[in-house]
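Heads up, the thing below is written out as structure tokens.
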Amino acid sequence: MNLIDFSGDAFIVAFTLYCVAFIMYALAVMGRRFRKRDPEAHLAKWGKIAFVTATIGLIGHLLYFFTRWAGSGHVPVSNMYEFMSFLSMAIMIAFLVLYFIYKKSLLGLFALPLAILIMAYAAVFPQQVQPLIPSLQSYWLGIHVTLAALGDAFFAVGFIAGLMHLLQTVNFSGTDKGARREQRWLELVMFAIVVLIGFILSVYSFRAGGYQAEFNQTLVDPKTENSTIVKVEYNMPPLIAPYQSETESMQSFLGMKSPLMEAPSWMHGVNAGRKLNTVVWSLVTGLILYGLLRLILRKPLAKFIQPALHRLDPDDLDEISYRAIAIGFPVFTLGGLIFAMIWAEIAWGRFWGWDPKEVWALITWLFYSVYLHLRLSRGWQGKYSSWLSVIGFIVVMFTLVGVNLIIAGLHSYAGTD
Amino acid sequence: MGKSKKSVQIVILLAIILIGVYAVATVVFGSDEVPKVGQKAADFELQGMDGNVHTMSEYEGKARVINFWGTYCPPCVREMPALQAQWEKWSSQGVEIIGINVGENKMTVENFVAQTGVKFPILMDPKRNAVASFGVGPMPTTFFVTASGKIDHIRIGELDLNTLDKQIEQLVNAK
Amino acid sequence: MSQGSKPLIQNTKCDCGHQNPTGTVLCEACGKPLTEEAEAQPILEMRYDGVARRSQKENPGIIDRVWNFFSSVKVAIYLILLTLVGSSLGTIFPQESTFLNIDPSVYYKEEYGQLGHIYYLLGLSHTYTSWWFVLLLVMIGASLVICSLDRVLPLYKALSRQRIPKHMSFLTRQKVVYQGQVQEDGADWVERIKPIIKKKGYRVRTDGGTLLAEKQRFSRWGPYVLHIGLIIFLLAVLGRNLPGLHMDEHMAFPQDEPVHIKNTSYYLLNDGFKVEFYTEDDMPEEFKGKNKVLPKEFQTQAILYMCEANCDDLDKEPQLVELTRHNIEVNHPLNYKGLKAYQFDYDLTPILRTVSPMLIDSKSGKEYGKITLSINDPQREYQAGEYTLTLTQSFTDFGLGDNGKPVNLSPNPNAPAFLFLIKGPDLPKEGVQYFYFPKQIDKERFNQEAINAQLAGGEALVKLDVLSMDDVDFSESTTYLNIRVDKAMPFIWVGCFIGMIGLIMGFYFTHRRIWLRIDNGTLTLGAHTNKNWFGLRKEISAILKQMNIEVDEKSLENNRGTKHESN
């Protein structure tokens with residue numbers, strides 16, 4: 001068995017162990033519900049087992065990383081699959097660091113789902129080892145990308161702790177305008193997470209079913225007025241077909257034999273229609289999933305999760321959130337900005353080109369600098385801080401995912417797409 | 001203690017204002033040193049049909065119409081007779097029309113001149129040096145320069161023959 | 001937070017006898033709260049240890065007002081937010097700088113419609129070089145300078161003039177506080193705890209039954225070091241605009257032709273270009289059969305020259321002297337005394353330079369003589385044996401115009417064509433016209449034979465033909481290099497480096513202080529840190545444990561202040 005195959009197996013083992021660890025955390029927290037004699041001990045015992053499982057999973061994850069490195073000849077962070085895998089691994093590492101400082105293993109109850117989701121997202125992308133285009137052939141690839149991802153991972157843990165803080169402190173029995181607003185925004189965050197889960201589920205279900213649809217899209221160059229016909233493949237039932245396209249072949253889905261509509265004309269890129277279709281599917285699946293959950297739980301998701309956190313001190317969560325960001329900020333500055341500038345100067349001859357990815361990395365940096373400055377003033381500690389850590393994470397994910405998929409540019413190394 | 005601190009404050013604020021003005025000015029007026037309307041026209045050093053090198057300073061004191069053209073550019077070719085006619089009309093009033101050929105060899109230009117009977121000065125810019133310093137993009141591009149060397153107007157695209165006469169008149173009066 | 005109430009300015013002498021500067025909140029000597037506000041605080045405001053800050057002192061004049069504006073953290077936050085939002089706007093549509101030559105007043109409208117045009121009109125198509133964006137950066141620079149100056153001095157004063165505070169309320173109103181009973185003599189107990197605290201890295205000062213322990217004071221300077229780094233960075237970025245310090249040109253270098261680099265006396269020659277592609281076997285499954293062409297590596301063998309003489313002469317060839325050679329690849333630029341050439345792009349379309357066709361008799365095939373025809377700069381007269389060929393017209397990019405007449409489409413040698421007048425034996429006295437396309441594809445496209453038959457009024461008697469590939473000279477490649485000069489770069493890296501040091505100082509180390517006093521067997525302990533209260537409590541709990549005082553970490557937190565609302 002060659003190294004690449006082995007690394008793929010290690011990836012799956014890590015993923016499975018993370019899922020198991022998450023289930024154990026959930027069990028630990030639900031001890032009270034099952035009327036165990038001593039919920040504290042139950043929590044402590046299962047928390048420890050979960051933690052150990054997660055750590056073994058991380059070892060597997062590290063194995064994936066190093067064997068893939070050895071097998072492919074370059075640091076495995078050069079395309080979306082490799083990068084997202086690394087990010088989820090870094091999040092687990094950041095979680096471990098924060099755990100060793102604060103010894104709050106319940107952090108894992110939320111850290112693990114995030115890591116799992118990101119790993120699942122990584123696996124959506126092509127997994128083959130892709131040869132490095134010349135501009136990526138440099139040892140700076142490893143230094144810049146890994147350090148930047150590590151900084152982002154600490155921001156992610158800051159987000160997790162901040163979210164936990166909010167889940168614990170938002171008053172669900174409050175009825176005044178402020179309380180209601182908080183409840184709604186928090187529930188919106190939960191909904192967004194459900195949509196993400198919906199995305200993963202829909203991608204994998206259709207992939208498992210082997211769904212395929214093909215289109216011939218007509219692309220017109222606005223300057224020369226030349227038109228070319230390009231083949232576009234969909235792996236999900238086309239609710240939205242590419243702009244100006246003809247259906248070549250399409251497996252029917254739930255009685256739907258042709259696309260429901262075409263992408264709007266301003267989305268005329270080759271992949272725009274497919275991406276829009278995926279987004280719509282994620283929303284649809286997310287909505288269905290969310291609706292089911294609300295029906296089963298009969299209360300907002302945030303309210304349902306709240307009791308799990310009652311044993312934690314919200315001040316501690318606030319502090320963990322801040323500490324994670326404070327640790328991650330210098331790491332991100334060094335990896336995401338400084339090393340990026342050095343590498344850009346070496347490779348492209350200009351250390352900063354206002355490329356969308358560079359700009360969004362700067363925006364991330366500016367945002368967290370605002371966060372850190374606001375923390376200096378007493379009123380901003382606590383809930384406001386936690387909301388900022390949530391928004392910050394959205395900015396981070398936009399920089400990593402949104403820029404690649406929505407804005408094109410020199411930097412969009414999603415893999416030769 | 002108060003006084004020296006105050007002067008430090010003033011010095012720092014002044015420094016910031018100066019640096020700020022410099023920064024904003026560079027960005028607003030910088031952009032590649034390409035001359036715009038109202039600014040001084042760029043200099044050039046190009047060979048003419050007579051084999052001699054000609055510079056912008058030769059035409060100091062004369063209003064100039066500088067037309068960038070090529071034989072591969074149909075509108076450039078189309079407007080040549082009009083330019084020739086204008087030159088005949090206005091040269092006695094101190095107006096010079098200068099045609100700068102872009103990127104072609106001497107023989108091609110000579111043939112063209114012989115064919116069309118153009119008599120106003122034609123200079124050659126095979127290496128596109130003048131194109132760069134004037135910031136010429138698409139062709140034809142015509143620069144209307146006053147006698148004192150300021151750019152009065154830049155016309156990108158084919159000249160409007162109806163208004164060309166008026167434009168040159170305006171140029172002469174602009175000084 | 002106004003502190004201009006008259007009585008305070010008049011009387012700043014503390015009970016302990018120390019004279020404090022105006023505006024001081026906590027006595028510098030003993031720590032007693034001096035203002036009513038401080039008196040009322042359940043937990044003391046420990047910024048600058050209560051020393052007055054410049055911008056809060058006198059009645060503000062205009063200078064002070066401007067100063068205070070830039071010194072405010074609130075303003076700084078707004079500036080950063082505005083920059084953040086402004087930057088994001090610039091990512092909506094590609095900026096003007098990403099294109100080589102477009103007309104922005106038309107391009108955005110065409111590509112993106114009305115929204116795009118509004119984008120252009122608002123100036124957002126060149127967001128990062130717009131006056132308001134630069135102004136924001138300047139204001140952030142001002143804020144960096146003034147914020148830091150305003151705070152560094154008071155902080156330095158506060159930290160360097162520390163005495164062991166004796167006032168009880170100073171200790172009991174710290175955020176971390178402990179009070180308990182102690183059996184032995186105060187001074188002895190303090191002597192016993194001293195080495196324990198010292199082991200944790202503190203510097204300890206004692207005075208009888210009181211103690212001040214401090215560690216990692218340097219961490220307080222972290223943010224200011226970072227600010228200095230950022231200021232240097234911004235100044236260096238600005239400095240790049242000074243003439244001579246910066247150049248950024250994309251230039252094309254056809255093979256074997258030295259090209260002059262503008263505004264310098266350098267010439268660069270493309271001495272050969274190599275490119276290697278991934279073979280079908282190297283490619284992963286997904287890309288096979290999709291006709292993907294992936295370059296594996298490509299390089300330009302470049303030679304840099306300096307012009308010694310005839311540099312500005314339009315007639316003569318410049319005299320060049322070789323300076324250095326380098327194989328330029330992406331990530332491996334040529335670097336000569338600050339001038340750098342980066343591999344940017346390449347084009348493998350061969351460009352014809354000269355052809356040497358033979359003049360041949362159409363019927364007998366007899367060869368009369370070769371001529372050497374330069375595509376870009378042809379001569380007028382040629383001699384082939386006894387025949388003279390006079391070039392009457394040349395085209396670089398031959399085409400037929402609207403009216404069917406021959407026309408030159410562009411100055412690029414895409415379809416070179418030449419019209420000769422051939423005179424010589426067996427030819428009419430006035431000569432015969434001959435049209436010649438050096439490229440085979442053009443010969444066929446425009447049917448050279450038919451044209452020449454028409455010109456000759458029948459069959460052409462002589463023709464030009466290239467006999468072998470040795471008679472054709474072409475440039476095999478054109479490489480596109482990015483030529484840059486950037487003398488301000490070292491300062492940019494210095495700024496980054498200093499900034500990083502500041503970040504590490506400020507975030508990975510914390511400044512901790514412990515005060516304690518023993519009065520008749522009662523131990524009062526207060527502690528302060530700039531960050532990470534959790535760690536401080538843990539450390540104090542560990543220290544006290546070593547003195548056989550068991551204390552829960554959480555209990556050390558002073559709850560007299562308004563705590564968070566818990567549900």
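Chain A is the first sequence line, chain B the second, and so forth, proteins listed ahead of strands; every chain is numbered from 1. Given the structure is predicted, the values throughout are model-derived calculations rather than measurements.
Residue contact with chain C, scored on non-hydrogen atoms closer than 4.5 Å, involves the backbone of A:I101 exclusively. With a 4.5 Å cut-off on non-hydrogen atoms, C:I492 touches chain A through its side chain but not through its backbone. Contact of C:V237 with chain A is made through the side chain alone, with heavy-atom distances under 4.5 Å. Neither the backbone nor the side chain of C:K74 has a heavy atom closer than 4.5 Å to any heavy atom of chain A. Heavy atoms of A:Y102 lying under 4.5 Å from chain C belong to its backbone as well as its side chain. Looking at C:N482, the atoms closer than 4.5 Å to chain A (heavy atoms on both sides) all sit in the side chain, from C-beta outward. Heavy-atom distances place no part of C:F277 under 4.5 Å from chain A, backbone and side chain included.
Nearest heavy atom pair, residue A:P356 against residue C:T91, reads CA-CG2, 3.9 Å. Scanning both residues, C:Y508 and A:A326, for their nearest heavy atoms gives CE2-O, 4.2 Å. The shortest heavy-atom contact between C:C496 and A:M341 is SG-CE, 3.6 Å. Residues A:S369 and C:I80 approach most closely at OG-CD1, 3.4 Å, considering heavy atoms. Shortest non-hydrogen contact noted between C:S87 and A:L362 is OG-CD2, 4.5 Å.
Remark: A:F351 CZ to C:R484 CZ distance equals 9.0 Å, nearest 0.5 Å. Expressed to the nearest 0.5 Å, how far CD1 of C:I504 lies from CG of A:L334 amounts to 7.0 Å. Atom CG of residue A:L366 and atom CG of residue C:L79 lie 11.0 Å apart, to the nearest 0.5 angstrom.
Side-chain rings of A:W352 and C:Y128 stay apart, their centers remaining 6.0 Å or farther from each other.
Under the side-chain hydrogen bond (donor to acceptor under 3.5 Å, both in side chains) criterion, the residue pairs touching residues 330-342 of chain A are A:T333-A:W365, with sequence neighbours excluded.
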**OP:** Show your reasoning for whether side chain to side chain contact (heavy atoms under 4.5 Å, CB included) applies to C:K340 and A:E345.
**Re:** CA-CA 11 Å; C:K340 300 188 198 159; A:E345 172 70 18; 3.5 Å; yes

**OP:** May I have the step-by-step check of side chain to side chain contact (heavy atoms under 4.5 Å, CB included) for C:N532 and A:E319, ending in yes or no?
**Re:** CA-CA 8 Å; C:N532 190 14; A:E319 172 135 2; 3.2 Å; yes

Subject >> Full working for side-chain hydrogen bond (donor to acceptor under 3.5 Å, both in side chains) between C:S97 and A:W354 >> reply: CA-CA 9 Å; C:S97 55; A:W354 299 107; over 6 Å; no

**OP:** Decide side chain to side chain contact (heavy atoms under 4.5 Å, CB included) for C:F534 and A:R323; before the verdict, give the C-alpha distance in whole Å, the side-chain angles of both, and the deciding distance to 0.1 Å.
**Re:** CA-CA 10 Å; C:F534 182 88; A:R323 197 72 189 285; 5.9 Å; no

Original post:
Given the rule in the side chain to side chain contact (heavy atoms under 4.5 Å, CB included) test, do C:F497 and A:I338 qualify, once you have shown the distances and angles that lead to the verdict?
Top reply: CA-CA 9 Å; C:F497 181 71; A:I338 297 182; over 6 Å; no

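Top candidate by heavy-atom pairs under 4.5 Å with chain A, chosen from C:V85, C:L84, C:L115, is C:L84. Per-residue heavy-atom pair counts under 4.5 Å with chain A were compared for C:Q95, C:K538, C:M489, C:K531, and the maximum is reached by C:M489. The greatest number of non-hydrogen atom pairs below 4.5 Å with chain A, out of C:G90, C:S88, C:P333, is found for C:S88. Chosen from A:T364, A:V395, A:L372, A:I363, the residue pairing most often with chain C at heavy-atom distances under 4.5 Å is A:I363. Comparing C:P295, C:P223, C:P94 by how many heavy-atom pairs each has under 4.5 Å with chain A, the most go to C:P295.
In this structure, C:Y278 contributes its side chain and A:L132 its backbone to a donor-acceptor pair below 3.5 Å.
Scanning for salt bridge (Lys or Arg N to Asp or Glu O under 4.0 Å) contacts around C:E249 gives an empty result, with sequence neighbours left out.
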